[in-house]
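Written out below as structure tokens is the structure these notes cover.
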There are 2 protein chains.
Amino acid sequence: MIRNKTTEYALTILGFMATRNEDMYSAEYLHKQLNIPRRYLRRLLTDLSKHGFLKSTSGRNGGFVFARDLKEINLALVINTLEGYETLCTCILGFSCCIVDKPCIMHDTWMEARSKMVEILSNTTLADLKGKYQMDLIKKTLDGINTV
Amino acid sequence: MIRNKTTEYALTILGFMATRNEDMYSAEYLHKQLNIPRRYLRRLLTDLSKHGFLKSTSGRNGGFVFARDLKEINLALVINTLEGYETLCTCILGFSCCIVDKPCIMHDTWMEARSKMVEILSNTTLADLKGKYQMDLIKKTLDGINTV
DNA sequence: ATATATTACTACCTTTTTGTAGTATTTATT
DNA sequence: AATAAATACTACAAAAAGGTAGTAATATAT
């Protein structure tokens, strides 16, 4: 479950983009904002485009925008796409043979924790993040008004 | 959270040992039972001894036994010991600056899933696994009696 | 004593992941 | 047309993780 830095990067990028309101995000801009290594970030952005999360436009003033509605991208999907389907549903003891029919001793216990996690990740879309972020902004602004 | 195969191996080994009743477990025996690469397994067993989970005896008839009571070893401890303390409590977006005071947009949501997981892992000791395993055995035996 | 079965140590090799470099391509601006 | 600011592609380099090999040390059995 999020074994890779790459997946973390992807969530960072998509989360960031989802919560701002730019028309277009260039790799250079994202690099400066997020501190992800320039070249690696570019490759990852291309990957995210190939996977259908983003849409790229080349040339001057080019960059990346979302290819789909934010509501359609949930966090579990991002993780699954980048790490392969299994990462979110592996046996905690690492037994490849641990399945419902033939569970390992940890199966039920671990399943409970895992399900909770997967549920939350599947139910959180980028649109939700955007909503949350904007609420936070409003709250901060109101606090500012009250205290000043 | 369980980023490494090594951690998986460790849980497999300790879980296996906890649920059987041998006096002593040699690396060779564990290798045959668990299919973990021979040489790597040995190194890991030595590591687990250094970390105070196991106690080793050299020489003929040597091997490994638990160094502490099974009740004192919970799964979160194993994971923390092998992967470093942070693995179980990292920000899902990978922000090192994401803390309670300055949470990322996913902080609360992710915290909820993570806490559930950590709770379960911390509350499950090797002794619990042993108990579960023996219950399973008894159940299977009874089933056998009933069906035969 | 010697042989055997075990762990311990150290160094190395392989694979995967992360990160970099160079060059080509695309497109808006001037 | 030239320039500049972008992405795309391919290959390579570095670091981390996973795995192997050789040899030394230890203790039991014969």
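Just so it is clear, the values below take in all heavy atoms, side chains as well, and ignore hydrogens, waters and symmetry mates. Sequence lines set the chain letters: A, B, ... in the order given, protein chains first and strands last, and positions in each chain run from 1.
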Rounded to the nearest Å, what distance is computed from the [atom1] atom of residue [X] to the [atom2] atom of nucleotide [N]?
X: L30(B); N: dA5(C); atom1: CG; atom2: P; answer: 18 Å
X: R38(B); N: dG22(D); atom1: CZ; atom2: C1'; answer: 15 Å
X: L41(B); N: dA21(D); atom1: CG; atom2: P; answer: 15 Å
X: N35(A); N: dG19(C); atom1: CG; atom2: C1'; answer: 14 Å
X: F64(A); N: dA6(D); atom1: CZ; atom2: C1'; answer: 9 Å
X: E83(A); N: dT16(C); atom1: CD; atom2: P; answer: 16 Å
X: L54(B); N: dA8(C); atom1: CG; atom2: C1'; answer: 15 Å
X: E8(B); N: dA17(D); atom1: CD; atom2: C1'; answer: 13 Å

Quick one: label [X] by what it contacts on the DNA or RNA (base, sugar-phosphate, nothing), any heavy atom closer than 4.0 Å.
X: Y29(A); answer: nothing
X: K50(A); answer: sugar-phosphate
X: T6(B); answer: sugar-phosphate

Where the side chain of [X] is defined as all heavy atoms beyond and including C-beta, which of [options] is the nearest nucleotide?
X: S56(A); options: dT20(D), dT10(D), dT7(D); result: dT7(D)
X: P37(B); options: dA8(C), dG19(D), dT17(C); result: dG19(D)
X: R39(A); options: dG22(C), dG18(D), dT7(C); result: dG22(C)

Open item on the list: Taking only side-chain N and O atoms of Y9(B), does any of them lie within less than 4.0 angstrom of OP1 or OP2 on dG18(D)?
Closed with: no

- [ ] Taking atom CG of D69(A) as the centre, report whether more than 12 heavy atoms of other residues, nucleotides or ligands fall under 6.0 Å from it.
- [x] yes

Open item on the list: Does M24(B) have more than 12 heavy atoms from other residues, nucleotides or ligands lying within 6.0 Å of its CE?
Closed with: yes

TODO: Kindly say whether I120(B) contributes a backbone atom to a donor-acceptor pair with the side chain of W110(A) at under 3.5 angstrom?
DONE: no

Task: Most 5' of R42(A) and T7(A) on DNA chain C, judged by nearest nucleotide - done: T7(A)

Open item on the list: Side chains of L126(A) and F66(A), heavy atoms from C-beta outward: is any pair under 4.5 Å?
Closed with: yes

Task: salt bridge (charged side-chain N to carboxylate O under 4.0 Å, His left out): pairs with one or both residues in residues 116-136 of chain B, sequence neighbours excluded - done: E112(A)-K116(B)

- [ ] Check L48(B) against A10(B) and note the closest heavy-atom contact, atom names and distance.
- [x] CD2-CB, 4.2 Å

- [ ] Describe, in one word, how the ring planes of F16(A) and Y25(A) are oriented to each other, choosing from parallel (under 30°), tilted (30 to 60°) and perpendicular (over 60°).
- [x] perpendicular

Between protein and nucleic acid, restricted to nucleotides 24-28 of chain D and to nitrogen or oxygen atoms under 3.5 Å apart, what atom pairs and distances do you find?
unit_1: dT26(D); atom_1: O2; unit_2: G59(B); atom_2: N; d: 3.2
unit_1: dT28(D); atom_1: O3'; unit_2: N61(B); atom_2: ND2; d: 3.2

Open item on the list: Determine whether a donor-acceptor pair (one donor, one acceptor, N or O, separation below 3.5 Å) exists between the side chain of R43(A) and the base of dT20(C).
Closed with: yes

